[in-house]
Amino acid sequence: EPPCRRLRNGVEIPYLLYGTAWKEERSEKLVQVAIRQGFRGFDTAAQRRHYNEQGSGAAISGAMKSGSVTRSELFLQSKYSFPRGHLPGQEPFDPKATTKDQVLQSFEHSLRNFGTDYL
């Protein structure tokens with residue numbers, strides 16, 4: 001089990017997260033390797049310009065389905081990026097929505113990518 005820091009609210013954050021930026025089409029395979037090597041914390045974003053969260057999510061949801069990890073063992077971190085951080089047409093939200101709604105839509109997109117009900 002990787003070393004973690006327990007926050008006051010009981011959430012445990014691994015000291016070392018696997019970063020998924022700039023992995024492109026290799027994201028799914030590299031995240032699978034990271035899980036096999038013991039990583040339990042993953043940093044990603046619902047921003048296609050630098051992240052392939054779908055690929056990372058496929059690896060993580062696959063590992064959960066196979067039983068190699070449970071959701072409670074994982075720390076998943078995603079981020080919201082403003083519209084200008086996305087390539088046009090690749091936003092995980094309605095670019096005309098309020099920022100609050102964009103954040104919520106981006107969060108829902110990440111939940112679907114990981115096949116989980118919380119990050």
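Computed over heavy atoms, backbone and side chain alike; hydrogens, waters and symmetry mates excluded.
Using cut-offs of 30° and 60° on the angle between ring planes, the pair Phe82 and Tyr80 is perpendicular.
The two atoms that bring Leu111 and Asp117 nearest to each other are CD2-C, 3.8 Å, heavy atoms only. Of all the heavy atoms in His86 and Arg49, the pair that sits closest is O-NH2, 3.8 Å. Across every non-hydrogen atom of Gln54 and Asn113, the tightest pair is CG-OD1, 3.1 Å. In this structure, Phe42 and Ala34 approach most closely via the heavy-atom pair CE2-CB, 4.0 Å. The two residues Ile35 and Ala59 have their closest heavy-atom pair at CD1-O, 4.1 Å.
Remark: the backbone N or O of Lys29 is not paired with any side-chain donor or acceptor of Arg26 at under 3.5 angstrom.
The shortest side-chain heavy-atom distance between Asp43 and Tyr51 falls under the 4.5 Å cut-off. You'll find the side chain of Met64 reaches within 4.5 Å of the side chain of Leu74, heavy atoms only. Using a 4.5 Å heavy-atom threshold, the side chains of Leu76 and Arg71 count as touching. Residues Phe93 and Asp101 fail the side-chain proximity criterion, which asks for heavy atoms closer than 4.5 Å.
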Start with the C-alpha distance between Glu53 and Phe114, add both sets of side-chain angles, then the distance that settles side-chain contact (heavy atoms from CB on, under 4.5 Å), and finish with yes or no. CA-CA 8 Å; Glu53 193 174 75; Phe114 288 111; 3.8 Å; yes
Give the intermediate values and the outcome of side-chain contact (heavy atoms from CB on, under 4.5 Å) for residues Arg5 and Tyr15. CA-CA 7 Å; Arg5 177 178 179 139; Tyr15 282 115; 4.0 Å; yes
One pair to check against side-chain contact (heavy atoms from CB on, under 4.5 Å): Ile13 and Leu7. What are the steps and the verdict? CA-CA 8 Å; Ile13 300 176; Leu7 303 179; 3.6 Å; yes
Give the intermediate values and the outcome of side-chain contact (heavy atoms from CB on, under 4.5 Å) for residues His109 and Arg112. CA-CA 5 Å; His109 186 82; Arg112 285 190 304 277; 3.6 Å; yes
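With values rounded to the nearest 0.5 angstrom, Glu91 atom CD is found 10.5 Å from Gln47 atom CD. In this structure, the separation between NE2 on His50 and OG on Ser81 is 8.0 Å, given to the nearest 0.5 Å.
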